[in-house]
Amino acid sequence: MFGIMLNAKETQEMEYLLKRELEELLLDLTDSRIEGIVKRAMEERYQIIFRMYKRFVKPQEYMKYVRQNRSSKQEQQGCRTK
(Lines give C-alpha, C1' and ligand atoms only; values in the text may rest on other atoms or scores of the structure.)
Protein backbone atom coordinates (compact mmCIF):
# COMPACT_ATOMS: atom_id res chain seq x y z
CA MET A 1 0.00 0.00 0.00
CA PHE A 2 1.19 3.49 -0.80
CA GLY A 3 -0.05 6.73 0.73
CA ILE A 4 -0.02 10.20 -0.75
CA MET A 5 -1.10 13.61 0.46
CA LEU A 6 -2.41 16.07 -2.08
CA ASN A 7 -3.64 19.63 -1.76
CA ALA A 8 -6.91 20.72 -3.41
CA LYS A 9 -5.27 21.82 -6.67
CA GLU A 10 -3.31 18.56 -6.97
CA THR A 11 -6.48 16.57 -6.25
CA GLN A 12 -8.31 18.35 -9.08
CA GLU A 13 -5.41 17.66 -11.43
CA MET A 14 -5.36 13.97 -10.48
CA GLU A 15 -9.12 13.72 -11.08
CA TYR A 16 -8.68 15.33 -14.48
CA LEU A 17 -5.81 13.04 -15.49
CA LEU A 18 -7.62 9.88 -14.40
CA LYS A 19 -10.86 10.94 -16.09
CA ARG A 20 -9.11 11.64 -19.40
CA GLU A 21 -7.30 8.31 -19.25
CA LEU A 22 -10.60 6.50 -18.59
CA GLU A 23 -12.22 8.23 -21.55
CA GLU A 24 -9.32 7.35 -23.82
CA LEU A 25 -9.39 3.72 -22.73
CA LEU A 26 -13.15 3.52 -23.25
CA LEU A 27 -12.70 4.81 -26.78
CA ASP A 28 -9.89 2.36 -27.49
CA LEU A 29 -11.86 -0.57 -26.04
CA THR A 30 -14.60 0.02 -28.60
CA ASP A 31 -12.09 -0.13 -31.47
CA SER A 32 -12.72 -3.37 -33.35
CA ARG A 33 -9.17 -3.39 -34.75
CA ILE A 34 -7.75 -4.12 -31.29
CA GLU A 35 -7.95 -7.79 -30.41
CA GLY A 36 -6.85 -10.46 -28.00
CA ILE A 37 -4.25 -9.94 -25.34
CA VAL A 38 -3.92 -6.21 -26.07
CA LYS A 39 -7.59 -5.56 -25.35
CA ARG A 40 -7.43 -7.69 -22.21
CA ALA A 41 -4.44 -5.68 -20.96
CA MET A 42 -6.36 -2.48 -21.69
CA GLU A 43 -9.34 -3.77 -19.72
CA GLU A 44 -7.10 -4.58 -16.75
CA ARG A 45 -5.57 -1.10 -16.94
CA TYR A 46 -9.06 0.40 -17.12
CA GLN A 47 -10.09 -1.36 -13.92
CA ILE A 48 -6.99 -0.15 -12.06
CA ILE A 49 -7.47 3.46 -13.15
CA PHE A 50 -11.21 3.28 -12.43
CA ARG A 51 -10.54 2.14 -8.85
CA MET A 52 -8.12 5.04 -8.42
CA TYR A 53 -10.66 7.49 -9.87
CA LYS A 54 -13.34 6.26 -7.45
CA ARG A 55 -11.21 7.44 -4.54
CA PHE A 56 -11.24 11.03 -5.78
CA VAL A 57 -14.84 11.64 -6.85
CA LYS A 58 -18.42 11.20 -5.65
CA PRO A 59 -20.41 8.12 -6.75
CA GLN A 60 -22.54 10.04 -9.25
CA GLU A 61 -19.32 11.15 -10.98
CA TYR A 62 -17.78 7.70 -11.38
CA MET A 63 -21.01 5.86 -12.24
CA LYS A 64 -20.77 6.98 -15.88
CA TYR A 65 -17.49 5.04 -16.17
CA VAL A 66 -18.75 1.73 -14.73
CA ARG A 67 -18.31 -1.12 -17.21
CA GLN A 68 -20.15 -4.43 -17.12
CA ASN A 69 -18.04 -7.52 -16.56
CA ARG A 70 -16.73 -8.86 -19.82
CA SER A 71 -17.27 -12.45 -18.66
CA SER A 72 -21.01 -11.91 -18.24
CA LYS A 73 -21.19 -10.57 -21.80
CA GLN A 74 -19.32 -13.62 -23.08
CA GLU A 75 -21.69 -15.93 -21.19
CA GLN A 76 -24.70 -14.19 -22.73
CA GLN A 77 -23.20 -14.56 -26.20
CA GLY A 78 -22.41 -18.22 -25.52
CA CYS A 79 -26.01 -18.89 -24.55
CA ARG A 80 -27.26 -17.30 -27.75
CA THR A 81 -25.08 -19.43 -30.00
CA LYS A 82 -26.04 -22.74 -28.37
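Just so it is clear, the values below take in all heavy atoms, side chains as well, and ignore hydrogens, waters and symmetry mates.
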Is the charged tip of Arg67 near the ring of Phe50: under 6.0 Å from the six-membered ring centre and within 45° of its axis?
->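 The answer is no; the distance or angle limit is not met.
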Taking every non-hydrogen atom, the tightest pair across Glu21 and Ile49 |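 Minimum heavy-atom contact is CG-CD1, 3.3 Å.
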State, to 0.1 Å, how close Glu15 and Tyr53 come at their nearest heavy-atom pair, and which atoms those are.
->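 Heavy atoms of Glu15 and Tyr53 come nearest at O-CE1, 3.7 Å.
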Does Asn7 offer a backbone N or O that forms a donor-acceptor pair with the side chain of Glu10 under 3.5 Å?
->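 Present.
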For the side chain of Lys54 and the backbone of Pro59, is there at least one donor-acceptor N/O pair under 3.5 Å apart?
->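 No: the side chain of Lys54 does not pair with the backbone of Pro59.
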Would you please name every residue forming a side-chain contact (heavy atoms from CB on, under 4.5 Å) with Ile37, sequence neighbours left out?
->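 Ile37 satisfies side-chain contact (heavy atoms from CB on, under 4.5 Å) with Arg40 only.
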Spatial distance of atom [atom1] ([X]) from atom [atom2] ([Y]) [nearest 0.5 Å]:
X	Y	atom1	atom2	result
Tyr16	Phe56	OH	CZ	16.0 Å
Glu24	Met42	CD	CE	8.5 Å
Lys19	Leu22	NZ	CG	10.0 Å
Leu6	Gln12	CG	CD	11.5 Å

Find out if a path of hydrophobic residues (ILVMFWY) with successive side-chain heavy-atom gaps under 4.5 Å connects [X] to [Y].
X	Y	answer
Met5	Val57	no
Ile48	Tyr46	yes
Tyr65	Leu27	no
Leu29	Met63	yes

Has Arg55 got more than 12 heavy atoms of other residues, nucleotides or ligands less than 6.0 Å from its CZ?
->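 Counting other residues, nucleotides and ligands, CZ of Arg55 stays at 12 neighbours or fewer.
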Do Gln47 and Glu43 come close enough that some side-chain heavy atom pair is under 4.5 Å?
->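 A side-chain contact under 4.5 Å is absent here.
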